[in-house]
Amino acid sequence: MTTERLDYADPFLHRFTARVVGHGAWNGAPSVVLDRTAFYPEAGGQMGDQGVLGGLPVRDVQVDDAGVVHHLVEGVLPAPGEALEGVVDSERRRVHMSLHTGQHMLSRALLDLAGAATVSSRLGATCTIDTDQDTLDEQLVAKAEAHVNAIIDADLPIRAFFPTPEELAALPLRRAPKVTDNIRVIQVGDFDVSPCGGTHCTRTGQVGMVRVLGVERYKGKGRVLFSAGPRARRELWEEAGVLRAMSRAFTCGPAEVPTVVEKLRRELTEAREALGAARARLAEHTAVELAQELEASADKQVVAVLDGAGPEQLRAVAARLTSRPQAVVFLAGRAPEGLAVLIARGSASTFGCGAFLKRAAEAAGGRGGGRPEHAEGRLPASTDWAALVASLRG
């Protein structure tokens, strides 16, 4: 039997009584079937309700092609014939009502102002509208957003009804119905008329706000990411809290944060450039000292530990030393998090850097590897690099 849908008549109905008419199954999971329900089953991109049914948590609600609503509950299923009280999670329902109504209005505005018809929408953790346009003009999307919020401010009535076939034929539907019988229509004032079985606000003012979060291209379609109602308000509060925290940290007003951040960005860029120049000078100085050791070495090999040097500085020093064709360098940079190591050779050397570092990593309990001419890795901070290299070189 088809389940009577109480949410159709009153989207604000959160408490109801019903009788169990049987047990069913949804994707292999057992379900409770009622004679009537106020729980909204997932459909049309809107997630299903949650709540409590007969004291059991309702984790999902689905509807099959026959119109039977399946309540997936946790615990032992109540027996057929048992009378139960159902309580819908009102906060979750309210969020979904605003999001769904906001989607209808934004889809209408995108069509009117950007010429972009909605081909699909999803109302989940992230809400999206996919359009028939491959790209969307962000200025036109912004105008659509502003227009929707003006409609919200106008507090227009929203009507949900089942028109007769004659009434349906006369309605200016934004899109064609997906079903042929018992077609439910949502009419937002004189602004939008669309077939839909979802839960919606009863006035546009209840939506509160619609906020476009971004525009992107997804699978060849222009996509709009948006939020609405309580969710959008919560997101704005969270973002405002972050902005206030930043303004306190920077000892400036919230409106001045972008200017302060830009100033800090410029200073950071200058500091990085200065640090890079200083590291280059240090690498050159270090390379000059190690080159003397290299020239004095009978096998043209040098081992060194550079305190505080990271992989980038080790590469800079190695590049200067391995300009000598026969050179082989074993470099390490000591830092609290470990020992960054690098082995490299000159163009005329046949030393296997990667194989040697692999042996060193296995012996010291670290990691690393690379090519015959160049290898890098990281060893424990306590590693005696010079002793390790000496032991492996024999």
Leu331 and Val303, any side-chain heavy atoms less than 4.5 Å apart: no
Dump the intermediate steps for salt bridge (Lys or Arg N to Asp or Glu O under 4.0 Å) on Glu4 and Arg19, then the final yes or no. CA-CA 11 Å; Glu4 181 185 355; Arg19 190 171 299 277; over 6 Å; no
Any side-chain donor near an acceptor of the partner, Gln103 and Ser107, under 3.5 Å: yes
Test: ring pair (Phe, Tyr, Trp, His ring centres under 6.0 Å). Region: residues 208-252. Which pairs qualify, not counting sequence neighbours? none
The ring-ring contact (aromatic ring centres under 6.0 Å, His included) partners of Phe351 (sequence neighbours excluded) come to Phe330, Phe356
Which value, rounded to the nearest 0.5 Å, describes the distance between Arg359 atom CZ and Leu388 atom CG? 9.5 Å
Whether the His71 and Thr37 side chains hold a donor-acceptor pair (N or O, under 3.5 Å, no angle test) is what I'd like checked. yes
For Glu270, is there an ion pair with Arg266 - N to carboxylate O distance below 4.0 angstrom? no
Whether Gln313 side chain and Gly310 backbone form a donor-acceptor pair below 3.5 Å: no
Given 3.5 Å as the limit, does a donor-acceptor pair link the side chain of Glu167 with the main chain of Thr164, or not? yes
Arg94 side chain to Ser90 side chain, donor-acceptor N/O pair below 3.5 angstrom: no
Check step by step if side chain to side chain contact (heavy atoms under 4.5 Å, CB included) holds for His104 and Cys196. CA-CA 9 Å; His104 276 231; Cys196 185; 3.5 Å; yes
Taking atom types as modelled and ignoring hydrogens, do the side chains of Gln50 and Arg93 form a donor-acceptor contact shorter than 3.5 angstrom? no
Side chains of Thr286 and Leu306: does their closest heavy-atom pair fall under 4.5 Å? yes
Whether Glu362 and Arg367 form a salt bridge (side-chain N of Lys/Arg under 4.0 Å from carboxylate O of Asp/Glu) is what I want to check. no
Would you call Glu74 and Arg59 a salt bridge, using N to O less than 4.0 angstrom? no
Can you confirm whether Val58 sits close enough to Asp49 that some side-chain heavy atom of one is under 4.5 Å from a side-chain heavy atom of the other? no
How would you list all residue pairs meeting side-chain hydrogen bond (donor to acceptor under 3.5 Å, both in side chains) that involve residues 336-349, not counting sequence neighbours? none
Whether Arg184 side chain and Gly198 backbone form a donor-acceptor pair below 3.5 Å: yes
pair Thr204-Thr101: side-chain heavy atoms closer than 4.5 Å: no
Could you tell me if the side chain of Val119 sits less than 4.5 Å from the side chain of Thr131, heavy atoms only? no
Joint hydrophobic cluster, Leu6 plus Leu34, side-chain heavy atoms closer than 4.5 Å: yes
Could you grab the distance from atom CG of Asp7 to atom NE2 of His200, nearest 0.5 Å is fine? 10.5 Å
Using ring-ring contact (aromatic ring centres under 6.0 Å, His included) as the criterion, list what pairs up with Phe12, not counting sequence neighbours. none
Backbone N/O of Arg320 and side chain of Ser323: donor-acceptor pair under 3.5 Å: yes
Sorted by chain and number, sequence neighbours left out, ring-ring contact (aromatic ring centres under 6.0 Å, His included) with His70 holds for Trp26
In terms of side-chain heavy atoms, does Thr202 have a donor or acceptor partner in Gln206 at a distance below 3.5 Å? yes
Could you grab the distance from atom OG1 of Thr269 to atom CG of Leu264, nearest 0.5 Å is fine? 10.5 Å
According to a hydrophobic-cluster definition based on side-chain heavy atoms being under 4.5 Å apart (Ile, Leu, Val, Met, Phe, Trp, Tyr only), do Leu53 and Val33 belong together? no
In short, side-chain hydrogen bond (donor to acceptor under 3.5 Å, both in side chains) pairs touching residues 222-233 with sequence neighbours left out are Asp130-Arg223, Ser227-Glu235
Step by step, would you call Val61 with Val69 a side chain to side chain contact (heavy atoms under 4.5 Å, CB included)? CA-CA 7 Å; Val61 185; Val69 176; 3.4 Å; yes
One pair to check against side chain to side chain contact (heavy atoms under 4.5 Å, CB included): Leu156 and Ile151. What are the steps and the verdict? CA-CA 7 Å; Leu156 302 180; Ile151 297 296; 3.8 Å; yes
Residues two or more places apart in sequence or in another chain: which of them pass ring-ring contact (aromatic ring centres under 6.0 Å, His included) with Trp385? none
Should Glu239 and Leu243 count as side-chain neighbours, where that means a heavy-atom distance under 4.5 Å? no
When you check the side-chain N and O atoms of Asp64 and Gln62, is any donor under 3.5 Å from an acceptor? no
Output yes when Asp299 and Arg393 qualify as a salt bridge under the 4.0 Å nitrogen-oxygen rule, no when they do not. yes
If a pair satisfies ring pair (Phe, Tyr, Trp, His ring centres under 6.0 Å) and one of its residues is in residues 126-148, list it, with sequence neighbours excluded. His147-Phe191
Sequence neighbours left out, what passes side-chain hydrogen bond (donor to acceptor under 3.5 Å, both in side chains) with Thr383? Give chain and number order. none
Thr135 backbone acceptor or donor facing Gln133 side chain under 3.5 Å: no
Which residues pass the side-chain hydrogen bond (donor to acceptor under 3.5 Å, both in side chains) test with Asp155, not counting sequence neighbours? Arg203
From Ile129 CD1 over to Leu123 CG, what is the distance, rounded to the nearest 0.5 angstrom? 8.5 Å
Apply side-chain hydrogen bond (donor to acceptor under 3.5 Å, both in side chains) to Glu376 and list each qualifying residue two or more places apart in sequence or on a separate chain. Arg315, His374
Quick one: do Gln301 and Val329 satisfy side chain to side chain contact (heavy atoms under 4.5 Å, CB included)? Show the steps, please. CA-CA 6 Å; Gln301 296 184 4; Val329 297; over 6 Å; no
Measuring from Ile152:CD1 to Met105:CE, what's the distance to the nearest 0.5 Å? 4.0 Å
What I'd like to find out is whether the side chain of Glu238 reaches to under 4.5 Å of the side chain of Leu236, using heavy atoms alone. no
Could you give the side-chain donor-acceptor pairs of residues 169-177 under 3.5 Å, partners two or more places apart or in another chain?
{"unit_1": "Arg174", "atom_1": "NE", "unit_2": "Asp192", "atom_2": "OD1", "d": "2.7"}
{"unit_1": "Arg174", "atom_1": "NH2", "unit_2": "Asp192", "atom_2": "OD2", "d": "3.3"}
{"unit_1": "Arg174", "atom_1": "NH2", "unit_2": "Ser194", "atom_2": "OG", "d": "3.4"}
{"unit_1": "Arg175", "atom_1": "NH2", "unit_2": "Pro195", "atom_2": "O", "d": "2.6"}

Less than 4.0 Å between a side-chain N and a carboxylate O, is that true for Arg15 and Glu85? yes
Can you tell me how far apart CD (Glu216) and NZ (Lys221) are? Round to the nearest 0.5 Å. 15.0 Å
Just wondering, do Tyr40 and Met47 contact through their side chains at under 4.5 Å, heavy atoms? no
Run the numbers on Gln46 and Thr199 for side chain to side chain donor-acceptor pair (under 3.5 Å), then give the verdict. CA-CA 9 Å; Gln46 180 179 336; Thr199 57; 2.7 Å; yes
